[in-house]
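Worksheet for the structure shown next.
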Amino acid sequence: MTGTIPVLTAAEMREVDASTIVPGIPGNILMENAGHRVVEFLDGRYAPLGEHRIVILCGKGNNGGDGYVIARQLWTRFRPAALHVVSVFGDDAASEPRRMLEVTGCAVHDAVGPEMRVATLVIDAVLGTGVVGSARGRA
């Protein structure tokens, strides 16, 4: 994969999201598109993905939802050697992206276990543009 990816501030990313949602693209479609693009990047950079031991840490809200979409895409398309998805805050069982992942048979854990400490790829989907101040507590 060539080219550079711009790094945006939280405010700039919120502007990008808002300018996309206003014309009528629903948030769940944006989340699906983002998840697909991340998986395409991972496949281009770290193939073969089926040989990796992947841990995805999911937070609340849309950032956590992005993580669940990424996990579902990896699980259904590449079946990694290991895929561990962790709900960092443990209070998102009703979220649609999480439910869609669990329907595929991929489990979601409430904590990082010893088997996850040998991951070859770790995806951070904990904090997003809505975070205020420094990370605290479990984050």
Side-chain angles (χ1 to χ4, degrees):
M1 194 164 261
T2 61
T4 59
I5 298 174
V7 177
L8 304 177
T9 66
E12 290 170 332
M13 192 64 235
R14 283 190 294 269
E15 282 183 39
V16 169
D17 283 345
S19 68
T20 308
I21 292 170
V22 168
I25 301 174
N28 62 335
I29 299 299
L30 292 176
M31 199 175 292
E32 288 293 323
N33 289 341
H36 280 280
R37 297 304 80 77
V38 169
V39 171
E40 286 175 0
F41 170 81
L42 293 172
D43 188 38
R45 177 69 63 93
Y46 301 107
L49 292 175
E51 295 179 7
H52 283 278
R53 294 180 309 279
I54 303 170
V55 172
I56 302 178
L57 303 169
C58 296
K60 299 178 181 183
N62 291 341
N63 208 49
D66 291 341
Y68 291 122
V69 170
I70 293 165
R72 191 181 78 244
Q73 290 298 317
L74 289 169
W75 181 253
T76 59
R77 292 171 56 193
F78 296 99
R79 289 293 175 150
L83 177 62
H84 301 286
V85 182
V86 179
S87 174
V88 173
F89 302 108
D91 60 353
D92 61 351
S95 83
E96 183 177 357
R98 177 175 171 167
R99 287 193 328 264
M100 290 173 67
L101 170 65
E102 291 176 325
V103 164
T104 68
C106 184
V108 176
H109 307 278
D110 290 328
V112 174
E115 70 282 5
M116 299 177 203
R117 299 187 187 276
V118 294
T120 56
L121 290 173
V122 176
I123 297 170
D124 173 357
V126 178
L127 301 175
T129 61
V131 70
V132 176
S134 300
R136 298 175 298 286
R138 197 141 183 212

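Just so it is clear, the model here is predicted, and its values are computed rather than measured.
With sequence neighbours excluded, no residue forms a side chain to side chain contact (heavy atoms under 4.5 Å, CB included) with A94. Judged as a salt bridge (Lys or Arg N to Asp or Glu O under 4.0 Å), and not counting sequence neighbours, E51 has no contacts. The ring pair (Phe, Tyr, Trp, His ring centres under 6.0 Å) search around H36 returns none, not counting sequence neighbours. For I123, the side chain to side chain contact (heavy atoms under 4.5 Å, CB included) partners are L42, I54, I56, I70, L74, not counting sequence neighbours. Considering only residues two or more places apart in sequence or on other chains, H84 meets the ring pair (Phe, Tyr, Trp, His ring centres under 6.0 Å) condition with H109. Remark: T9 pairs with A11, E12 by the side chain to side chain contact (heavy atoms under 4.5 Å, CB included) rule, at least two apart or across chains. Here R72 pairs with E32 under the salt bridge (Lys or Arg N to Asp or Glu O under 4.0 Å) rule; sequence neighbours left out. Legend: residues meeting side-chain hydrogen bond (donor to acceptor under 3.5 Å, both in side chains) with N63, ordered by chain and number and at least two apart, are absent.
The stretch residues 113-125 participates, sequence neighbours left out, in these side chain to side chain donor-acceptor pair (under 3.5 Å) pairs: H52-T120. Evaluation of the salt bridge (Lys or Arg N to Asp or Glu O under 4.0 Å) test over residues 76-85, restricted to residues two or more places apart or in two chains, returns none. Listed by first then second residue, pairs satisfying salt bridge (Lys or Arg N to Asp or Glu O under 4.0 Å) with a partner in residues 85-96 read K60-D91, D92-R98, not counting sequence neighbours.
The cluster map of Ile, Leu, Val, Met, Phe, Trp and Tyr, joined by side-chain heavy atoms under 4.5 Å apart, puts L83 and M100 in different clusters.
The hydrophobic cluster containing M31 also includes V69, under a criterion of side-chain heavy atoms closer than 4.5 Å among ILVMFWY residues, counted directly or through chains of members.
In this structure, R99 does not pair ionically with E102, as no charged nitrogen and carboxylate oxygen lie closer than 4.0 Å.
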